[in-house]
Each structure stands twice: as structure tokens, then as C-alpha cells.
Number of protein chains: 2
Amino acid sequence: MKSTRETNNINPTVSVDCVVFGFDGSDLKVLLVQRDLRDNLDIDDDTLVLPGDLIFEDEDILDAASRVLLDLTGIDNLFLEQIGAFGNLDRLSKDKDKIWLDLVRPTPDSRVITIGYFALVNIKNYTIKPAGFAKHVIWKDFNEVGELGFDHNVILSEAIIKLRNKLYHEPVGFKLLPKQFPLNHLYTLYNTILNSTLDRRNFLRRILKTGFLKETDNFQEGVPHKPARLFTFVEKKFTSNNNQKFKFY
Amino acid sequence: MKSTRETNNINPTVSVDCVVFGFDGSDLKVLLVQRDLRDNLDIDDDTLVLPGDLIFEDEDILDAASRVLLDLTGIDNLFLEQIGAFGNLDRLSKDKDKIWLDLVRPTPDSRVITIGYFALVNIKNYTIKPAGFAKHVIWKDFNEVGELGFDHNVILSEAIIKLRNKLYHEPVGFKLLPKQFPLNHLYTLYNTILNSTLDRRNFLRRILKTGFLKETDNFQEGVPHKPARLFTFVEKKFTSNNNQKFKFY
DNA sequence: TATCAAAGTGTATTTTTTACACTAAGTTTG
DNA sequence: CAAACTTAGTGTAAAAAATACACTTTGATA
């Protein structure tokens, strides 16, 4: 996989954009970049966008998404899943978007279709390095995301829908947590993302019954109360189609 | 929406392909076309493919999918939903695919990313007319679909997964049936598509409890047994996200 | 040593699911 | 024209799951 940008054999009509979700213990976060120029062009544009890039001609689209995130975060092998293609004719037509495109794209008026991906990471594992194309990279509180560039709010909406559905049907919450975690962290995670207040007793019972959790001999440290036992996620054969009746929570 | 093919301003790098499902009362069907040439070129290629086409530069991708189906079936305003983007580098590289591309595409070696859509239709409503680009159009039994051209088997797999999930969570089975239908048809539909044998009593109870069905005063005619009451689908406010707990069946 | 805060467990009630059995009503057959 | 057949349509007991609370435990801190 290429990790540096080339000027030749770029496909100017197809890009990828990534929605990377993280969880800091109490809030859902999204990774955003301040779109900016490789060569310090002097325009006044602090618009935030999803990390993304045009793809290379000889690059699979999933690889392109991986490359973007590798450049951005130094993380390889991220859990990445496609959200879908976004190809509205007006998706690049805000004034500020056009100014930016004029400055950085060889063919700024080209119609570009983008393919959205989403990823879940344990926020503490990665120190985000604003390398490559983005000057500033930030974890933004999901509820405080304002207007993004291009059609990125649309992509983000699709992503959160997908995340919520997944949380409900697949063992995926773990990806947002450290290897070992107390059950209460998982509980807050569900409540935060699903925007609900589940009954704690019943949540614990059900999540344990799925068999995806294994208790360890470790406990929380440095907490001003009874330390909770830490659990790990158990990789089981899980195929979402397999059992339509399966509800993760 | 344009309904005729033009030779100029085609986007040679992005196409759409449509998976159209139908149900004939006992089997799930897929609409396939025998890829062939607008101008009767004389090659020996009876490969079946999903109906699809390159998009126009000034055309939304969803519109492109609509256009393909309008050309093919004369149906406008079809329920269409995106499956996703398919962009593997080798997706057009089978021998027969290359020969065909050489014959019909202005830039046959161009890397093409395709966006898959899926649709559900009541098979009896539409007489398929092999107009436009396809010489033969057929309803193929889903279980008897062999090797398709390009990466279309992959797209079809994604489509069936999506259909099965939808059937389970959303009131979508109706789209495959006539306006009025006996409950047993819905029951067979579920069993066929989900590849299961649900308990009939329990199925009926549950499907009625959803509130999406309204009984009519009409009954089956011309059946050699007690005629069943016909039901219709009730459009209700349904938002799949709204209630994660909702299970359609 | 008492208090606080969150961990962790118990359980009665209601609701849903499951499994199976039966009756009803048209058509066809002998 | 009655019996047989086929699918329509309904009843229900038992098991399982979801829900709504309440309570006990345990370590830290005051």
C-alpha cells in the first residue's frame, strides 16, 4: 500500500472519506481534519472535513481509505467498513468548497463521487499526527460537530446510523474500548451512542449472556470507589447473517 | 431524467448496476440481462449480467440507476436503495469481460467503479421489454444464477444479504407482492427468501401484530380450496432507526 | 469508624416466543 | 350428495426473555 501522495495517476473522479469514531469514556468523538494545503496557501478557510482523498488509479477503494488513515494516524489495519457512495451533483458546490478545490485540485471542476468508510478505534491507542495533507486533526465531540465541508455532514449522518445499528446487532462496541475494560464503561458507551438510559441490571445480564465477554483477574486501579473487574472481548465465530434472531443488545 | 443513451459526456469511470428482485409466488427471482451490443456485433457471448450502465457526467447516481431500469422495464419511480460501491481493481478482468469491453466501450481499459442498487418489484406488474442496450432480459431463479459477468456475483451476494436483513427489520416484503394478497403468500415469501420454515401460526400472529396489515373484504378467487381473505399493506410512519427494538418478523 | 459511590446480585411480574393442536370452509371425488 | 381433501384460520399451555425494582457488597475517603 502506498503511503505517500503522488501527483501522477490519481483518479480525479473518485475519492474516499472516512468517519472515524472514538469514545473517551463519556462522549462519542469523531476524527476531523481542518482542510488545508500541502503548500501553505494563504486562504482563510478553517472548515472542518472528514479525512479523505482522491484515490489512485491502481488502488482498491478500501486500500485508499486505509492509506488515508495511515497517513493521518499512523494506524494500519484499522477496522474499516464501507458506508456507501455519495455522488450528488451538488456535493462540492458550496462557495468555500469551490475555492479550496480551485487551489488544490488539478481539475477542480471535475465531478467527484466519494465513497464513505467508517472506523471504530480505541481513542487512547493512537496519538493523532497531523501528517500528510491535513494541518490540524482533532477529535470532535459528535454532538458538537457543526457544518462540515462538502457533503460531509450527510456522510456523517449515515455513519452514525450505521454505528447505532451495528451496536445493536454486532459485537462492535469493544472496538471503541481498551483491551480490558470494566463493564460499566461498556454500559456508558451504549447509553451514550444509542442516546438512551438502559436499565443497568438488565444490560449487564444481557451483555454477559451473549458470551462475548470474558472476565479477567484484573481490576480497575486508582478509582475512588470499589474497583470493578475488568473484562475482555472474546473473538467468537460471529456472522451477522447467520442468526437473524441474534440481538447483541 | 434522460432515458436515452448519448455518446458524449459519459463518465467512463463510474457505473451503476441494479439487482432487481421479484417473487413469483414460490421462488425469488432476479432480473438479469444478456449483455449484448447495441450494434449487432458478432461475438459469441451469452454471459448474463446485472442491468447497469456507465453514468452521465451530469447525472446523480441514483438517477442513473433509475434510468437503467426505466430503459429496461419501462418502470419509473422504482423503490431503489444503494447497496454500496464496488471498486476492486480486478472486477473487469475476466477474459470474456475484456473482449466485451473492447467492443463496446470507448475506453475499454478504463478502471471502472460501480455502484450497486437494489430494487423490489411485484413481478406481475411489469412486462420486461428488452429495450435499449440489452438483447435479452430474463427473470432468473435466484438459486439458479450461475456465474455472471464482471463482479456481479459479488454484488448479488451483497444484495441478498441486504434483502434478508430488510425483510427482518422493515416492512418491505409487500413490495414484492400485489396490492392485495392472502397472508399465506407473505408467509411463503418469508420462508423462501429467508430460507427457513417458520411456524405458520406464529408468523401470522406476529405479522398481524405489527399493524402493517389491513384486512379487506376481498377473497381469493379460483382456488381449489377455501379462499383466503386478502390483505393490504398499510403505509405507516416507519423509521427503521426510530425504534431499535422493532422487529418486523 | 462512618460515609460515600459505584460494583455487583436477586427476583417477582409481565410479555414474548415457541410448539403444537385443533376447527372452519370451500372444492373435488366416488 | 356425502366423504375426503386442502388450505384458512384460531386456541393455548409451557418456556424463555424482558422489565422494573431492590438490595447487598466493597473499596476509598472523610
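Computed over heavy atoms, backbone and side chain alike; hydrogens, waters and symmetry mates excluded. If you're wondering where the values come from, they're calculated on a predicted model, not measured in any experiment. Below, read A as the first sequence line, B as the second, and so on, with proteins coming before strands; counting in each chain starts at 1.
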Taken to the nearest whole Å, CG/N184(B) to P/dG9(D) is 9 Å
Considering only side-chain heavy atoms of R201(A), which listed nucleotide, dA18(D), dT17(C), dT11(C), is closest? dT11(C)
E215(A) meets the side chain to side chain donor-acceptor pair (under 3.5 Å) criterion, sequence neighbours left out, with none
Distance, rounded to the nearest Å, where L208(A) contributes CG and dT9(C) contributes C1': 12 Å
Distance check needed: dG26(C) C1' versus R229(B) CZ, whole Å only. 15 Å
In whole angstroms, the gap separating P of dA8(D) from CG of L186(B) amounts to 13 Å
Side chain N153(A), main chain L148(A), donor-acceptor under 3.5 Å: yes
Rounded distance in Å - CZ (F219(A)) to C1' (dA6(C)): 14 Å
Using whole Å, what does the distance between atom P of nucleotide dT16(C) and atom CG of L204(B) come to? 18 Å
Just compare dT17(C), dA19(C), dG10(C) and give me whichever is closest to any side-chain atom of R205(A). dG10(C)
Nearest-Å distance for atom pair CZ/P, residues F203(B) and dT17(C): 14 Å
Do any N or O atoms of the protein come closer than 3.5 Å to N or O atoms of nucleotides 26-28 of chain D, and which pairs are they?
none

From the options dG10(C), dT17(C), dA8(D), select the nucleotide whose nearest atom is closest to the side chain of A228(B). dA8(D)
At less than 3.5 Å, do the side-chain atoms of R200(A) and the base atoms of dG8(C) form a donor-acceptor pair? yes
Side chains of R205(A) and N202(A), donor plus acceptor under 3.5 Å: yes
Using only atom types and a distance under 3.5 Å, with no angle test, would you say the side chain of N218(A) pairs donor to acceptor with the backbone of Q180(A)? no
What closest approach, in Å, do A119(A) and L69(A) show between heavy atoms, and which atom pair accounts for it? CB-CD1, 4.3 Å
Nearest whole Å is fine: how far is dA13(D) P from N202(B) CG? 15 Å
Classify the ring geometry between F233(A) and F174(A) as parallel (under 30°), tilted (30 to 60°) or perpendicular (over 60°). parallel
Quiz question: by atom type and distance under 3.5 Å, do the side chains of N191(B) and T197(B) form a donor-acceptor pair? no
